[in-house]
Amino acid sequence: MPSVVKINVLTVPAEQREVLEQRFASRAGAVEGSDGFEWFELLRPLEGTDQYLVYTRWRSEEDFQAWMNGSMKAAHQGTAGGEGGAERPKPAASGSTLWSFEVVQQASPKN
């Protein structure tokens with residue numbers, strides 16, 4: 001069964017880029033232990049766009065959905081009105097689109 005790739009396209013205003021990158025750096029390890037997780041990359045735009053790409057690869061669509069409905073959902077919900085009444089920080093991205101792909105070919109460097 002081929003792997004699935006999910007690319008979350010995040011529109012990030014220039015003044016929020018550092019915030020976004022710091023948030024991803026602070027969550028390091030949050031997805032790596034998930035069943036079926038294979039790869040993660042945060043791709044910063046170099047020119048011509050304000051869109052970051054969050055690339056993840058999964059063993060199956062079911063593994064991705066299990067992560068989305070489990071630990072990812074919990075991490076993004078926060079505690080509304082919980083201890084200390086701390087508000088969740090404003091999202092760094094002003095928009096988000098999820099692209100889905102199936103891996104049909106791949107290659108790695110020759111040794």
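Everything quoted here is computed from the prediction, not taken from an experiment.
Every residue meeting the ring pair (Phe, Tyr, Trp, His ring centres under 6.0 Å) condition with F37, not counting sequence neighbours, appears here in chain and number order: W58. Annotation: side chain to side chain contact (heavy atoms under 4.5 Å, CB included) contacts of A92 (sequence neighbours excluded): Q16, V19, L20, R23. Here S100 pairs with K6 under the side-chain hydrogen bond (donor to acceptor under 3.5 Å, both in side chains) rule; sequence neighbours left out. For T97, the side chain to side chain contact (heavy atoms under 4.5 Å, CB included) partners two or more places apart in sequence, or in a different chain, are V9, W99. By the side-chain hydrogen bond (donor to acceptor under 3.5 Å, both in side chains) test, E41 pairs with W39, sequence neighbours left out. Residues that satisfy the side-chain hydrogen bond (donor to acceptor under 3.5 Å, both in side chains) test with Q65, not counting sequence neighbours, are E61. With sequence neighbours left out, R59 forms a side-chain hydrogen bond (donor to acceptor under 3.5 Å, both in side chains) with D35, D63. Under the salt bridge (Lys or Arg N to Asp or Glu O under 4.0 Å) criterion, E32 pairs with R27, not counting sequence neighbours. Partners of E62 by side chain to side chain contact (heavy atoms under 4.5 Å, CB included), not counting sequence neighbours, listed by chain and number: S60. Not counting sequence neighbours, the partners of Q106 by the side chain to side chain contact (heavy atoms under 4.5 Å, CB included) test are R57, V103.
Among pairs with a residue in residues 42-52, those fulfilling salt bridge (charged side-chain N to carboxylate O under 4.0 Å, His left out) read E21-R44, at least two apart in sequence or across chains.
Residue V54 is not grouped with residue V5 when hydrophobic side chains (ILVMFWY) are merged at heavy-atom distances under 4.5 angstrom, including chains of intermediate members. Hydrophobic clustering, with ILVMFWY side chains joined whenever heavy atoms are under 4.5 angstrom apart, keeps L98 apart from Y55. Both V12 and F40 sit in one connected hydrophobic cluster of ILVMFWY residues. Membership requires side-chain heavy atoms under 4.5 Å apart, directly or through other members. Placement of L53 and M68 in two distinct hydrophobic clusters is found when ILVMFWY residues are connected by side-chain heavy-atom separations under 4.5 Å, directly or transitively. Linking ILVMFWY side-chain heavy atoms closer than 4.5 Å, directly or via other members, places F64 and I7 in two distinct hydrophobic clusters.
For the atom pair CG of L43 and CG of N8, the computed distance is 11.5 Å after rounding to the nearest 0.5 Å.
Residue E38 places its CD atom among more than 12 non-hydrogen atoms of other residues, nucleotides or ligands, all under 6.0 Å distant.
Side-chain contact check for F101 versus V4: every heavy-atom pair is 4.5 Å or farther apart.
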